[in-house]
Amino acid sequence: QVQLVESGGGLVQPGGSLRLSCAASRSIFSFNAIGWYRQAPGKQRELVAAISSRGTTYYADSVKGRFTISRDNAKSTMYLQMNSLKPEDTAVYSCNAKIHLTMADVVNSRYLEVWGQGTLVTVSS
């Protein structure tokens, strides 16, 4: 019914910035909750940043102060602004969202949980 497509990944030098976007394949009513995850080679997937259904923002200690998560319900898009990038930030980043397709879904607390395919971010000089 809906897919999430990431964009904005690529190669960036240490200290640089990058903004990842995660757009829904169709117009949605709203995001109930969102999150960005990453998985580096040889490591488990970790939650980088998230906004809960109540609007509470979470950041992993490793990215706190450097990354900013946001969403735009009108554009059906979520973002991860990454500043002061470090080589250890290198990973495949994936977006995840609980999506309300319609107002009725909000009323009934009904949502779809969807994962993006992932986008590679490489921080290297």
Side-chain angles (χ1 to χ4, degrees):
Q1 291 182 294
V2 62
Q3 294 179 307
L4 294 177
V5 182
E6 299 99 337
S7 63
L11 176 64
V12 64
Q13 295 184 345
S17 298
L18 212 58
R19 188 179 78 158
L20 303 183
S21 297
C22 176
S25 61
R26 55 165 285 180
S27 179
I28 65 171
F29 186 83
S30 66
F31 290 109
N32 174 263
I34 60 172
W36 283 95
Y37 294 77
R38 70 183 181 188
Q39 186 166 25
K43 295 184 178 181
Q44 282 191 306
R45 184 184 66 192
E46 66 173 332
L47 177 63
V48 175
I51 300 177
S52 75
S53 60
R54 291 180 175 273
T56 301
T57 303
Y58 163 85
Y59 293 99
D61 289 340
S62 59
V63 307
K64 197 169 299 181
R66 299 188 297 120
F67 289 12
T68 303
I69 185 171
S70 63
R71 61 186 171 187
D72 188 330
N73 288 319
K75 295 182 178 180
S76 300
T77 303
M78 52 189 284
Y79 308 92
L80 183 67
Q81 178 66 47
M82 306 183 293
N83 298 324
S84 301
L85 284 162
K86 305 174 181 179
E88 49 263 45
D89 293 320
T90 296
V92 173
Y93 286 73
S94 301
C95 59
N96 171 268
K98 294 178 180 178
I99 299 168
H100 296 303
L101 295 180
T102 67
M103 181 62 207
D105 292 334
V106 177
V107 173
N108 291 288
S109 297
R110 183 169 57 237
Y111 61 83
L112 295 175
E113 184 169 3
V114 187
W115 285 89
Q117 297 298 311
T119 185
L120 177 63
V121 172
T122 301
V123 184
S124 176
S125 58

**Fill in**
When rounded to the nearest 0.5 Å, the distance separating CZ of R66 from OG of S84 is 7.0 Å
**Request:** Return yes if some donor-acceptor pair links the side-chain N/O of E113 with the main-chain N/O of N96 below 3.5 Å, else return no.
**Result:** no
**Nearest-0.5 Å distance, CG of residue N108 to CE of residue M103** = 9.5 Å
**Message:** Taking I34 as the starting point, is it possible to reach Y111 by hopping between hydrophobic residues whose side chains are less than 4.5 Å apart?
**Reply:** no
**Asked** Would one find more than 12 heavy atoms of other residues, nucleotides or ligands at under 6.0 Å from atom CD of Q13?
**Response** no
**Verify same cluster id: M78, L18 (apolar side-chain graph, 4.5 Å)** = yes
**Request:** Supply the atom-to-atom distance C22 SG to R71 CZ, rounded to the nearest 0.5 angstrom.
**Result:** 13.0 Å
**Item:** Which atom of Q1 lies closest to which atom of R26, heavy atoms considered
**Value:** O-CD, 3.0 Å
**Message:** Nearest 0.5 angstrom please: R110 CZ to L101 CG, how far?
**Reply:** 9.0 Å
**Message:** Measuring only between side-chain heavy atoms, which start at C-beta, is F31 closer than 4.5 Å to I51?
**Reply:** no
**Request:** Flag the pair S124 / L11 as yes when at least one side-chain heavy-atom distance between them is below 4.5 Å, and no otherwise.
**Result:** yes
**Asked** Which atom names give the shortest non-hydrogen contact between S94 and G118, and what distance separates them?
**Response** OG-CA, 3.5 Å
**Message:** Within the structure provided, determine whether R38 and V121 are in side-chain contact (heavy-atom separation under 4.5 Å).
**Reply:** no
**Min side-chain heavy-atom separation M82-L20 under 4.5 Å** = yes
**Asked** Do V114 and V92 belong together in a cluster built from hydrophobic side chains that touch within less than 4.5 Å?
**Response** no
**Fill in**
Separation between OG (S30) and NZ (K98), nearest 0.5 Å, reads 13.0 Å
**Closest contact, heavy atoms only, N83 versus S17** = OD1-OG, 2.9 Å
**Least distance between heavy atoms, T90 atom then P41 atom** = O-CD, 4.5 Å
**Request:** Over 60° means perpendicular and under 30° means parallel, so classify the ring planes of W115 and Y37, tilted if in between.
**Result:** tilted
**Request:** Please tell me if the side chains of I99 and F29 come closer than 4.5 Å, counting only heavy atoms from C-beta onward.
**Result:** no
**Other residues, nucleotides, ligands: >12 heavy atoms within 6.0 Å of Q3 CD** = no
**Closest non-hydrogen atom pair, I28 against A24** = CG2-CB, 4.0 Å
**Prompt:** If you draw a 6.0 Å radius around NZ in K64, do more than 12 non-hydrogen atoms from other residues or ligands fall strictly inside?
**Reply:** yes
**Message:** On a heavy-atom basis, which atom in K43 and which in Q39 lie closest, and how many Å separate them?
**Reply:** O-NE2, 3.2 Å
**Linked, directly or transitively: L112 and W36 (ILVMFWY side chains, under 4.5 Å)** = yes
**Asked** Do L85 and Y79 belong together in a cluster built from hydrophobic side chains that touch within less than 4.5 Å?
**Response** no
**Asked** Can you check whether A33's main-chain N or O pairs, donor with acceptor, with S53's side chain at less than 3.5 Å?
**Response** no
**Fill in**
Rounding to 0.5 Å, atoms OG1 (T122) and CG (D89) come to a distance of 11.0 Å
**Request:** Show your working on side chain to side chain contact (heavy atoms under 4.5 Å, CB included) between V123 and K86 and close with a plain yes or no.
**Result:** CA-CA 6 Å; V123 184; K86 305 174 181 179; 5.5 Å; no
